[in-house]
Amino acid sequence: MTDVDPIALAVFLFFFLLVTVLGFLAAKWRRGDTLDSLDEWGLGGRGFGTFIAWFLIGGDIYTAYTFIAVPALLYAGSVVGFFAVPYTIVLYPIIFIFLPRLWSVSHRHGYVTPADFIRGRFDSRPLALAVAVTGILATMPYIALQLVGIQVVLEVMGIGGAEDASWFVKDIPLFLAFAILAAYTYASGLRAPALIAFVKDTLIYLVIIVAVFYLPTQLGGWDSIFAAASDSFDAFNTENADAIAAGEVSGKGAIPPGAAHWAYASLALGSALALFMYPHSLTGVLATKNRSVIRRNAALLPAYSFLLGLLALLGFAAIAAGITVDNPQQAVPALFESQFPGWFAGIAFAAIAIGALVPAAIMSIAAANLWTRNVYKAFLKPDATPAQEAKQSKLMSLLVKFGALFFVLGLPLELAINLQLLGGVWILQTFPAIVFGLYTRWFHRHALFAGWAVGMIYGTWTAYNVPAVGDPDSHFGSPVATVPFLDIDIYIALTAFVFNVLVALAGTLLLNAMNVDGGGDLTSPDDYKADAGDVGVKDLPLDEMAPGEVAKGTP
Amino acid sequence: MPDSTRGSRNTRPVWLLVALLLAVAIAVPLLVPLYDRATPTFLGFPFFYWFQFMLIPIASVLTYTAFKLSQAATRHDRAARGQKPPAGERGGVS
């Protein structure tokens, strides 16, 4: 889009290569160490003091979601754009409630994935398979969001084609992002992400602090930033009044009007319920050393929401700085380019790109290992050798990334956050089996499966049928749809979730009335309260699942 | 904080209080009509924005209180079952 700034590019390449090479070398260098020490280093900073553990967790939270996708929503004037803040507020009290039970039962029985738990609790192979496959599928659009993050950074730096170039040239930044991710995951594997954490997180914090505290002062303070955004949205709405009335264009705003309240609240709640169903999030939870750590962290982690909220507002800062980009995802990188000298813009670009790359690598590895453990070994080849398993994981990790690429290319990318929200539509359908299952065995295994199927089909079908505003023939245009029989717009994930639960309830009553075998249950009530050091509580082989700097709840 | 002299008395009220604190922390941020307005502004932030920023420390305090209460309740529950104190508290202050 613009000319290449050689200084920004050189600084970007320097830090990007430094971190990658460092990670690679460090991984080799530490290979002689025991797994225990790696585990300690990687999983939640077990051996670290509170401050350093916080520092590392925070570095994981700021991904392309926070740097690119959320600010893009605000830049684009989406009235629900700020939902990420209530999302990250309600997230922690929610996980406070159910995650300790999952921690306990997992440590009693050696479960390292939700599918493991479902298999033991409900004695149902199909339900466990459904949960595993959903985890793999839902991770793909989430990785796609990170790919978009790297892509827009490359575009803003001027790498890639102009708007009028052929599709291939235009998509060069995307293919580059993909190639970087694939090479990175392959070369660095599981160990490097943990080892580069300090460098990566220092870069990220540096950029965040400068961006949210220094930048606003350069733009006349927050009041003039809000005023500029509000004026810009008003001007847009006046200019496009006819098109907005005709439904060809969305009106813009900084505060959700009454009609968008349900959408705002349901996006926040749906995202919060969904997050810890993702395979990559759960590993970090299980890695904590005892069940009360989860609850203590739930009280401390909201501090990150503050910076997340301020980062989101960079979307408005970009408007105040006069940034005009067609692709709203470019707003923050373009803001950095326009407001900072080349060397600092280069650092910021590197921070955003690495901040997208590392979680993408962790997610793809978590999904791949989920495949190997809960699909390949459980169904296809129970007697697989370790070498065969490793090969499956590598192959699947690549396939998951191709899946992500498919989502980037195949979906309308007006707003990249829709990718993550589509993943949420799917992953939330595993919630009833997993979370209700932590409390009660009342639900019938086949009813939970039916509920899952209904939720998946309804959610996918509804999302498919939502066109982007102004393009009636398009699909997957918005994560929000009108609820059947009601005149309100809600995040599709939650509507599908409600149908899912209703089917599970009705199905359970029906199947019990018909005396259909509900299967066994390998767990017992006291499993759900067990703590570290109790009888039968064991260490989990988490290092094979998604070690490295596991995303302990990466939004 | 209650100490261990309370013994094995029923912790149900404590758990209800924990549930109540968490319910408030979850429900209030989702009640958009509470804060969907621009005024009064604070430090240049419209009400809609600063109110949600303010909810962050409030939710954090509620959750932390719930954590402390749950810790005490868990200690009593475990003592009543004849188990050791929770893992995080063995050998001193957690």
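Computed over heavy atoms, backbone and side chain alike; hydrogens, waters and symmetry mates excluded. Protein chains get the first letters and strands the later ones, always in sequence-line order, with residue 1 at the start of each.
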Atom CD1 in A/Ile97, atom OG1 in B/Thr63: separation rounded to 0.5 Å?
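A/Ile97 atom CD1 to B/Thr63 atom OG1 measures 9.5 Å (nearest 0.5 Å).
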
Quick one: NZ on B/Lys68 to CZ on A/Arg296, what's the gap to the nearest 0.5 Å?
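If I round to the nearest 0.5 Å, the distance is 6.5 Å.
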
So do [Y] and [X] actually touch side chain to side chain, heavy atoms under 4.5 Å?
X        : Y       : answer
A/Trp222 : B/Leu43 : no
A/Pro256 : B/Val32 : yes
A/His261 : B/Leu31 : no
A/Ile255 : B/Tyr35 : no
A/Leu310 : B/Phe53 : yes

Donor-acceptor under 3.5 Å (B/Tyr49 side chain, A/Ala254 main chain)
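Side chain of B/Tyr49 to backbone of A/Ala254, a donor-acceptor pair under 3.5 Å: yes, one is there.
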
Main chain of A/Pro302, side chain of B/Ser60: is a donor-acceptor contact present, judged purely on distance under 3.5 Å?
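Pair absent, no side-chain N/O of B/Ser60 close to backbone of A/Pro302.
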
By a 4.5 Å heavy-atom criterion (distance strictly below it), what part of A/Phe226 contacts chain B: side chain, backbone, both, or neither?
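For A/Phe226, the contact with chain B is made by the side chain alone.
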
Which bit of [X] comes within less than 4.5 Å of chain A, counting heavy atoms only: side chain, backbone, both or neither?
X       : value
B/Val28 : neither
B/Ala66 : both
B/Arg81 : side chain

If you count the non-hydrogen atoms of other residues, nucleotides and ligands that lie under 6.0 Å from CZ in B/Phe51, is the total more than 12?
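Atom CZ in B/Phe51 is crowded, with more than 12 foreign heavy atoms closer than 6.0 Å.
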
So for atom NZ, which belongs to A/Lys252, do other residues, nucleotides or ligands contribute more than 12 heavy atoms lying within a distance under 6.0 Å?
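Yes, the 6.0 Å shell around NZ holds more than 12 heavy atoms from other groups.
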
Chain A interface, residue from B/Pro33, B/Pro57, B/Ala59 that has the most non-hydrogen pairs under 4.5 Å:
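Most heavy-atom pairs within the cutoff with chain A belong to B/Pro33.
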
